[in-house]
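Here the structure is laid out as structure tokens; the discussion comes afterwards.
Atoms within each ligand, like the ligands themselves, are counted from 1 in listed order. Keep in mind that the numbers below use all heavy atoms, side chains included, and drop hydrogens, waters and symmetry copies. What you see is a predicted model; the values in this text were computed from it and never measured.
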Amino acid sequence: MTPRRPLFVANWKMNGLHADGIARASALAGHTAGGDCGGDIVVCPPATLLFALRAVFAGSAIALGGQDCHAAAEGAHTGDVSGPMLVDAGCTHVIVGHSERRAGHGEGNEEVAAKAAAAHAAGLAAIVCVGESAAERNAGRALAVIGRQVEGSLPASATPDNTAIAYEPVWAIGTGRTPGPADIEAAHAQVRVGWERRFSGGGEALRVLYGGSVTARNAGGMLAVPGVDGVLVGGASLSADAFWQICQAHR
Ligand code: PEP
């Protein structure tokens, strides 16, 4: 099997005004101009910065992504952004089903799958997030929850080319706590089981990312875990230097 190329995703969340967003993006683009990290890099800034960052990343190895998209292409959905709008702003990727949207906006698997389908219809690759809560892990239900979320959050249009899955345990996001290597390996294997159940095979090329308190210090360990094909980074991606170190940590 051809080795899967690592994927590094920066999720800036709701952080960054115009000037500091441009400065951070320019610093990262400068790093990539100096050398290839051997993986694919996607930066997902707030929607207000997309057009500006498209110009900064033009000609660089960095792809642009949205942090969410609506299931509809257009219409009366105040405050939302659609897949075609993200493409118009220069995006090639979009995160869907992040736990902050599942919890904060009540998004369930069905809605996440509809959003991923809308992303695919617009020509975007979807980065679909799944992961258990602390209560679910403590109750011994982590793997069952992960499997169910994967099966339920993937639309029929998903292929390993247009989809990556990020395993992000909710209790590890922004907390400084991380699962051990054995738990990450088991969770990633379970993601693949979910894919196999959903599509009856064909998932060999699927990239499964780990997310949750990844830093420049722990990224190498995460990326060495069997079945980890990259990372989705929140807090540490707000430093161009730290994120670039993470992008190089698989070597
Ligand atoms: C995230 O936003 O998906 C995330 C993993 O955040 P952090 O790296 O800050 O835990």
Would you sort out whether His120 and Lys115 count as a side-chain contact (heavy atoms from CB on, under 4.5 Å), showing the intermediate values? CA-CA 9 Å; His120 295 154; Lys115 288 180 173 211; over 6 Å; no

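Hydrophobic clustering keeps Ile95 apart from Val130 (ILVMFWY residues linked when any side-chain heavy atoms are closer than 4.5 Å, directly or through intermediates).
His31 has its ring centre no less than 6.0 Å from the ring centre of Phe243.
Residue Leu232 places no N or O, backbone or side chain, under 3.5 Å from any N or O of ligand 1. Backbone and side-chain nitrogen or oxygen atoms of Ala236 are examined, and none is located within less than 3.5 angstrom of a nitrogen or oxygen of ligand 1. When only interatomic distances are considered, the shortest N/O to N/O separation between Thr175 and ligand 1 does not fall below 3.5 Å.
The ligand atoms of ligand 1 that sit less than 4.0 angstrom from a heavy atom of Gly174 are 7 (P), 9 (O), 10 (O). Within ligand 1, the atoms closer than 4.0 Å to a non-hydrogen atom of His98 are 1 (C), 2 (O), 3 (O), numbered from 1 in the order shown. Heavy-atom proximity to Ser213, at under 4.0 Å, picks out these atoms of ligand 1: 7 (P), 8 (O), 10 (O).
Side chains of Trp195 and Glu151: a donor-acceptor N/O pair is absent below 3.5 angstrom, by distance only.
At a threshold of 4.5 Å between non-hydrogen side-chain atoms, the residues Thr178 and Ser213 count as touching.
The shortest separation from a heavy atom of Gly212 to ligand 1 is under 4.0 Å, placing the residue in contact.
Of all the heavy atoms of Ile173, the ones lying under 4.0 Å from any atom of ligand 1 are found in both the backbone and the side chain.
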